[in-house]
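The structure under discussion appears below in the form of structure tokens.
What you are looking at is a predicted structure, and each value in this text was computed from that prediction instead of being measured. Naming convention: chains lettered A, B, ... in sequence-line order (proteins, then strands); numbering from 1 in each chain.
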Protein chains: 2
Amino acid sequence: MALEHAILVSLLERPGSGYELARRFDRSIGRFWTATHQQIYRVLRRMEADGWIAAEEVAQDGRPDKKVYSAAGDGRAELARWLREPVEPETVRHELAVKIRAAAFDDPAALISEVERHREGHAALLARYLHGEQRDFPDLDALDARQELQHVVLRGGIEYERMTLDWLDDVLATLRRLAADRPS
Amino acid sequence: MALEHAILVSLLERPGSGYELARRFDRSIGRFWTATHQQIYRVLRRMEADGWIAAEEVAQDGRPDKKVYSAAGDGRAELARWLREPVEPETVRHELAVKIRAAAFDDPAALISEVERHREGHAALLARYLHGEQRDFPDLDALDARQELQHVVLRGGIEYERMTLDWLDDVLATLRRLAADRPS
DNA sequence: ATTGCCTATGCAACTCGTTGCATAGCAGGA
DNA sequence: TCCTGCTATGCAACGAGTTGCATAGGCAAT
């Protein structure tokens, strides 16, 4: 389980409340780890009880109080321990691949518009990555260690999206060819 | 939830028992959908109760009886309905990416050997894909619709592994550079 | 005025998914 | 002979993850 560790990394990069974390998981961190606010609040309470993180109540005017968490010594130690554990292979859940094979038992043409929509989502994500790269890493020759590591992860995301777009074009060409060969 | 649908596709491609399905999920289907035998047995019972699949008891000598399942009419109808639903964006759980960002708060060099091991796993998987492609699709100009669709999914797997290998080389180069810059 | 959205946290109930264990006969190697 | 491993299914318990709802004040637009 790495949700704890993803939260630890995020809090080390910058302390924040559960709500703020949930938004980070919707945005940047969500690229490689997803979580809902429910999961995050539950795990934060457990981590605080275990002494991995420390909480500070912060009053705000015009909005509810919030609890700002930051990583504690035990959290850092746990992160170092976890880093040295074997890396689990990625768990894959690729719904579209299942649907493509399912299309053999139905009408392949029925998938085309959904694949097109899916492709648009990936194209938009790639554009966001490239824009974020320009904004957050304007000078690639002057990065500190933390930025270097953030950037190599971002490069992975960019290459993943490029590969996916190429593959989706391949999928669309295949579906269109099959739809032309034997029209329903 | 697509486990039901992944099972339906697999049973349409070829009927089989729960045990056989579990092995398929360890091998080919596991490329884009994972499941343990426990999940599979539970879902099979539910699907049979819902009339999506039909079971036939088969006695075997020298080994326990098995229940061979095959997709029923309701299952086919459900699959067609599901095919027309919107495709969910892939859920990403990329532990290695979390660890790479975590390395900024510990020793980047500590990750190198694990990334190397991870890279070997991906290289082996790519080799298996390429070998399977040779075996199952010897003549790429003579594929029927089902094989065309299976092959386009396999092409996606191959491209994913190639991209991942390139990225892991990039990660290793970055980690080694950081380790050389500030030795622990 | 009312509607809807944002910040901020949380409970309750549920489904999904994993882990450990059990059964039970057969095959193959040390 | 004992140990390991394969086929084949399943129970029980737990942890992970989702969904729906609740609270509660403030802000902005209609």
Side-chain angles (χ1 to χ4, degrees), chain A residues 1-8 10-11 15-27 29-30 32-50 53 55-69 82 86 88-95 98, chain B residues 1-7 10-11 15-27 29-30 32-50 53 55-69 82 88-95 98:
Chain A
M1 233 291 289
L3 177 55
E4 281 95 334
H5 304 102
I7 288 176
L8 272 175
S10 194
L11 289 179
S17 69
Y19 188 83
E20 281 162 358
L21 280 168
R23 284 195 310 169
R24 291 185 213 170
F25 272 81
D26 275 348
R27 299 178 188 182
I29 311 172
F32 48 90
W33 207 270
T34 55
T36 63
H37 80 275
Q38 277 306 330
Q39 264 179 282
I40 290 167
Y41 281 121
R42 232 187 311 172
V43 170
L44 281 173
R45 258 173 285 157
R46 188 169 66 222
M47 289 168 78
E48 193 190 354
D50 290 348
I53 56 176
E56 193 197 357
E57 297 263 354
V58 175
Q60 303 182 104
D61 46 50
R63 48 189 63 171
D65 293 0
K66 64 179 177 180
K67 268 189 183 170
V68 173
Y69 295 94
W82 173 74
E88 300 288 328
E90 304 95 278
T91 319
V92 182
R93 287 282 150 98
H94 209 309
E95 197 193 13
V98 181
Chain B
M1 235 287 291
L3 177 55
E4 281 97 331
H5 304 102
I7 289 176
S10 194
L11 290 179
S17 69
Y19 188 82
E20 281 162 356
L21 280 168
R23 283 195 308 168
R24 291 185 214 171
F25 273 82
D26 275 347
R27 298 177 189 186
I29 310 174
F32 46 91
W33 208 270
T34 55
T36 62
H37 80 276
Q38 277 306 330
Q39 264 179 284
I40 290 167
Y41 282 120
R42 231 188 310 174
V43 170
L44 281 173
R45 260 173 282 159
R46 188 168 66 222
M47 289 167 79
E48 193 191 354
D50 291 347
I53 55 177
E56 193 198 356
E57 296 262 355
V58 174
Q60 303 181 107
D61 46 52
R63 48 189 64 171
D65 293 359
K66 63 178 176 180
K67 269 189 183 171
V68 173
Y69 294 95
W82 173 74
E88 300 288 328
E90 305 96 277
T91 318
V92 182
R93 288 283 150 100
H94 207 309
E95 197 194 12
V98 181

Residues passing the side chain to side chain contact (heavy atoms under 4.5 Å, CB included) test with Thr36(B), sequence neighbours excluded, are Gln38(B), Gln39(B)
Inset, instruction - Kindly determine whether Glu95(A) and Trp33(B) satisfy side chain to side chain contact (heavy atoms under 4.5 Å, CB included), including the steps that lead there. - result: CA-CA 8 Å; Glu95(A) 197 193 13; Trp33(B) 208 270; 4.3 Å; yes
Check your understanding: Under 3.5 Å, is there a donor-acceptor pair between the side chain of Glu48(A) and the main chain of Arg45(A)?
Key -> no
Result for 5'-nearest mapping on DNA chain C, choosing between Thr91(A) and Val68(A), is Val68(A)
Here the residues of residues 37-48 of chain A within 4.0 Å heavy-atom distance, strictly under, of DNA chain C are His37(A), Gln38(A), Tyr41(A), Arg45(A)
Footprint ends on DNA chain C, 5' to 3', for atoms under 4.0 angstrom from a heavy atom of chain A, come out as dT7(C) to dG17(C)
Notebook entry, point to check: Does a side chain donor of either Arg93(A) or Thr91(B) reach within less than 3.5 Å of an acceptor in the other side chain?
Noted result: no
Would you call Arg46(A) and Glu4(A) a salt bridge, taking side-chain N to carboxylate O under 4.0 Å as the test? yes
Next item on the list: For the pair Val43(B) and Met47(B), evaluate side chain to side chain contact (heavy atoms under 4.5 Å, CB included) and give the outcome as yes or no after the intermediate values.
Entry: CA-CA 6 Å; Val43(B) 170; Met47(B) 289 167 79; 3.5 Å; yes
Nearest heavy-atom contact between Pro15(A) and Glu20(A) is O-OE1, 4.4 Å
Taking for Leu3(A) and for Gln60(B) the nucleotide of DNA chain D with the nearest heavy atom, the one nearer the 5' end belongs to Gln60(B)
For Ala2(B) and Trp82(B), the nearest pair of non-hydrogen atoms, with its separation, is CB-CZ2, 3.9 Å
